[in-house]
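One structure is given below, encoded as structure tokens.
Numbers restart at 1 for each chain; the letters A, B, ... are given by sequence-line order, proteins then strands. Hydrogens, waters and symmetry mates are skipped; everything else that's a heavy atom, side chains included, is used.
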Number of protein chains: 2
Amino acid sequence: MSNEQPPATMADVARAVGVSTGTVSRALRGLPGVSEAMRRRILRAAEGLDYVVSPGASGLATGRTGSVAVLVPHISRWFHARALAGAHHVLRNAGFEVVLYHVEGIAERREFFETLPVRRRVDGLVIIALSLSEKEIERLGGLGMPVVGASTDLGRHPSVGIDDPAGAAMAVRHLANLGHQRIGMIRATDEEGIHGGVSQRRLDGYLAAMAECGLPVQQDSIVSAPWGIDGGAQAMAQLLSLRTPPTAVFAEADDIAAGALRSLRRAAVDVPGQMSLIGFDDSPIADLLDLTTVAQSVYEQGLIAGRMLVEAVEQGTIAEPGQRLDTRLVLRGTTSAVRRPAL
Amino acid sequence: MSNEQPPATMADVARAVGVSTGTVSRALRGLPGVSEAMRRRILRAAEGLDYVVSPGASGLATGRTGSVAVLVPHISRWFHARALAGAHHVLRNAGFEVVLYHVEGIAERREFFETLPVRRRVDGLVIIALSLSEKEIERLGGLGMPVVGASTDLGRHPSVGIDDPAGAAMAVRHLANLGHQRIGMIRATDEEGIHGGVSQRRLDGYLAAMAECGLPVQQDSIVSAPWGIDGGAQAMAQLLSLRTPPTAVFAEADDIAAGALRSLRRAAVDVPGQMSLIGFDDSPIADLLDLTTVAQSVYEQGLIAGRMLVEAVEQGTIAEPGQRLDTRLVLRGTTSAVRRPAL
DNA sequence: TTGAAAGCGCTAACAA
DNA sequence: TTGTTAGCGCTTTCAA
């Protein structure tokens with residue numbers, strides 16, 4: 001059944017129909033200048049021979065690869081996977097292959113930017129949620145292909161994202177409106193212990209909203225920990241060990257908040273009775289834990305980034321670069337006014 | 001700075017050094033028959049020109065693409081993303097590009113198997129956690145390239161996985177050893193409402209262990225629900241509405257168990273006092289929820305699948321096809337003997 | 001050790 | 001509307 005003979009070439013199809021490969025090529029790609037009758041015969045023959053064009057050969061001739069690359073860190077984090085899924089969806093629908101570059105850890109990342117393995121392999125690049133340095137952005141310039149970002153700022157390259165400061169401010173104002181005065185923040189760092197652009201912008205929003213509400217910022221109520229559930233737990237532990245702990249905490253991501261919640265549970269701190277907690281992203285974990293959070297449309301950011309890249313590759317320009325999607329407050333069970341004696 | 005001129009070709013390098021492209025090709029690939037001095041000059045020139053070979057052209061000439069495809073459903077589920085990360089890691093290290101085919105939903109899946117878009121584009125295919133029908137496995141035969149599976153059974157194609165029945169039996173025996181007599185099971189279905197092979201095998205293990213322990217199986221204590229947290233919640237609700245609910249439940253995946261836990265919490269059923277619950281996979285959610293579970297090495301399955309594919313592509317044979325990794329019981333806080341009146 | 005030349009499978013410009 | 005013919009950038013005999 002399964003033919004192990006080499007796959008048919010365009011020449012085979014041409015021979016079968018009795019025409020030249022030029023005509024077959026035109027017919028298969030739906031170009032004008034082929035009679036309908038001939039096109040049908042060719043299509044039939046191609047199908048019969050189980051023929052598909054060789055992307056490599058086609059790419060050689062046209063100068064386009066038909067592939068795009070997606071660069072994504074930490075694919076097993078919900079956020080990154082969702083954005084990737086969105087980008088993949090539109091890219092595939094636009095006829096592109098999606099080549100995955102997963103960089104986890106600093107070594108892989110450095111290698112990517114040093115060797116730029118996407119050169120000559122793809123027609124464009126989508127970068128998801130990776131905070132790049134000036135130098136790294138610089139490197140992308142020499143790529144000679146369009147680059148777009150999702151949930152990251154790429155300097156002069158177009159990108160989709162949200163208004164992070166606004167989202168963070170929304171969270172803080174919600175807590176302030178509930179009467180909280182001492183509002184802390186938990187920030188996350190990457191494996192190198194540094195804060196990405198998103199973390200920076202959410203801090204900015206936090207600070208702006210605190211000022212706007214006339215609330216004092218206690219420096220020791222802003223704590224950082226490695227990204228993840230354990231990091232969040234550790235950060236909350238730190239807050240709980242302060243002389244005067246905050247009565248409400250804004251965690252820069254739901255996963256961080258999940259860890260914070262674990263520490264609160266272990267310490268038997270009543271949530272939200274004694275401590276309010278709000279996250280960011282509205283990931284499934286927020287729903288599971290009944291966590292109040294700031295929602296953003298992650299899949300859609302992937303979609304838009306993919307769409308922008310397709311535009312850039314096919315038309316050379318992007319109608320709307322720099323889109324910012326809105327954020328929404330999702331009220332759940334972890335925020336309220338203080339109802340029991342504060343810590 | 002960023003040269004917008006077309007990238008250098010091998011001919012450019014050859015010209016710069018004053019040799020033929022044949023020599024450049026040999027030098028760059030480390031083939032014998034090039035003097036060390038010449039090789040160094042060529043390497044230097046290539047670097048100076050910022051040259052990289054065109055994979056398309058190279059592929060045309062050699063008949064190999066240098067890429068492999070990974071087919072994966074539901075990339076935003078932790079399990080799938082982890083396995084993908086493992087496969088990606090070894091494949092990239094072996095010098096392959098990883099082309100991603102994400103199939104979510106039945107339409108995308110059918111399209112994949114009808115058009116087989118990987119034909120002529122890649123040298124091999126890794127399939128992650130997708131239960132294939134006989135027909136679909138059949139289709140893979142005509143691909144003319146090696147195919148390996150991770151966490152799925154691919155018939156005559158090699159694959160890595162765990163011993164699912166053994167893992168499930170381990171869970172059930174644990175519950176039985178705690179004195180539970182009425183042990184239920186929650187199974188998950190895909191979007192079409194059908195059970196995949198993994199679900200089937202875990203049911204087999206459950207049934208076998210129940211028999212082994214001399215426990216009666218109540219048919220209405222085996223419930224199915226759509227995959228996910230909500231499905232798990234719904235399934236547990238169903239169990240809680242039985243005439244005589246089980247005192248312990250085995251959920252075929254942690255995500256299902258998470259939902260089940262939510263229903264138990266809402267119904268104020270004491271866990272594990274009145275009801276024990278055990279999951280499967282040992283995903284981060286299990287740790288977060290302090291869920292007893294059966295652990296498997298997901299990333300490693302991806303690694304092994306990738307490694308097998310590399311072997312198959314490069315050597316044509318696989319030393320150890322059909323590897324089965326072991327599973328481990330991870331004791332946490334959701335299982336115990338019944339300590340309060342059963343429901 | 002190196003060069004010359006054919007060819008991988010396709011596209012595109014030009015002719016017919 | 002269709003055919004012819006150069007390439008696209010590389011690899012790989014075969015000669016030198």
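Side-chain atoms of B:Arg324 and B:Ser159 form a donor-acceptor pair, as typed in the model, at a separation below 3.5 Å. A:Ser25 and A:Arg29 form a side-chain donor-acceptor contact under 3.5 Å, judged by distance and modelled atom types alone. A:Gln296 and A:Gln301 are linked by a side-chain donor-acceptor pair at a separation below 3.5 angstrom, with hydrogens and angles left out of the test.
Between A:Val126 and A:Ala305, the closest heavy-atom pair is CG1-CB, 4.2 Å. For the residue pair B:Glu311 and B:Ala319, the shortest heavy atom distance occurs at OE1-N, 2.9 Å. Smallest separation of non-hydrogen atoms from A:Ile137 and A:Asp153: CD1-O, 4.2 Å. Here the closest non-hydrogen pair linking A:Arg92 and B:Tyr101 is NH1-CE2, 3.5 Å. The minimum heavy-atom distance linking B:Leu303 with B:Gly86 is given by the pair CD2-O, 3.3 Å.
Relative ring orientation between B:Tyr299 and B:His89 is described as tilted, the plane-to-plane angle lying within the 30° to 60° band.
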All N/O contacts under 3.5 Å from nucleotides 13-16 of chain D to the protein, with atom names and distances to one decimal?
none

Below 3.5 Å is the cut-off: list the nitrogen or oxygen pairs between protein and nucleotides 6-8 of chain D, distance only.
unit_1: D:dC8; atom_1: O2; unit_2: A:Ala61; atom_2: N; d: 3.4

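Residue A:Ile42 contributes atom CD1, which lies 8 Å from atom P of D:dT2 at whole-angstrom precision. When the C1' atom of D:dT4 is taken as reference, atom CZ of A:Arg15 falls 16 Å away, rounded to whole Å. As a whole-Å value, the separation of B:Arg29 CZ from D:dG9 P is 17 Å. Rounding to whole angstrom units, CE of residue B:Met10 and P of D:dT12 are separated by 11 Å. Separating the CG atom of B:Leu31 from the C1' atom of D:dC10 is a distance of 13 Å, rounded to the nearest angstrom. B:Tyr51 has its OH atom 10 Å from the P atom of D:dG9, to the nearest Å. In this structure, the CZ atom of B:Arg121 is 16 Å from the P atom of C:dG9, given to the nearest Å.
Between A:Ser54 and B:Gly18, the residue anchored nearer the 5' end of DNA chain C, judged by the nucleotide with its closest heavy atom, is B:Gly18.
Distance from the side chain of A:Ser20 is smallest for D:dG3 among the nucleotides C:dT11, D:dG3, D:dC10. When distances run from any side-chain atom of B:Thr23 to the nucleotides C:dG3, C:dT11, D:dC10, the shortest one goes to C:dG3. Across D:dT11, C:dC10, D:dG3, the shortest atom-to-atom separation from the side chain of A:Ser58 is found for C:dC10.
When the C1' atoms of four end pairs are superposed on the next four at each end of the helix from C:dT1-D:dA16 to C:dA16-D:dT1, using five pairs per end, the two resulting axes differ in direction by 30°, to 10°.
In this structure, A:Arg109 pairs ionically with A:Glu136, as a charged nitrogen and a carboxylate oxygen lie closer than 4.0 Å.
Remark: side-chain polar atoms of B:Arg26 are not paired, donor with acceptor, to backbone N or O of B:Gly33 under 3.5 angstrom. Using modelled atom types, one side-chain atom of A:Arg120 and one backbone atom of B:Val52 make a donor-acceptor pair closer than 3.5 Å.
B:Arg120 comes within contact range of the sugar-phosphate backbone alone, with a heavy-atom separation under 4.0 Å but no base atom that close.
When the side-chain nitrogen and oxygen atoms of A:Ser25 are compared with OP1 and OP2 of C:dC10, none of them lie within a distance under 4.0 Å.
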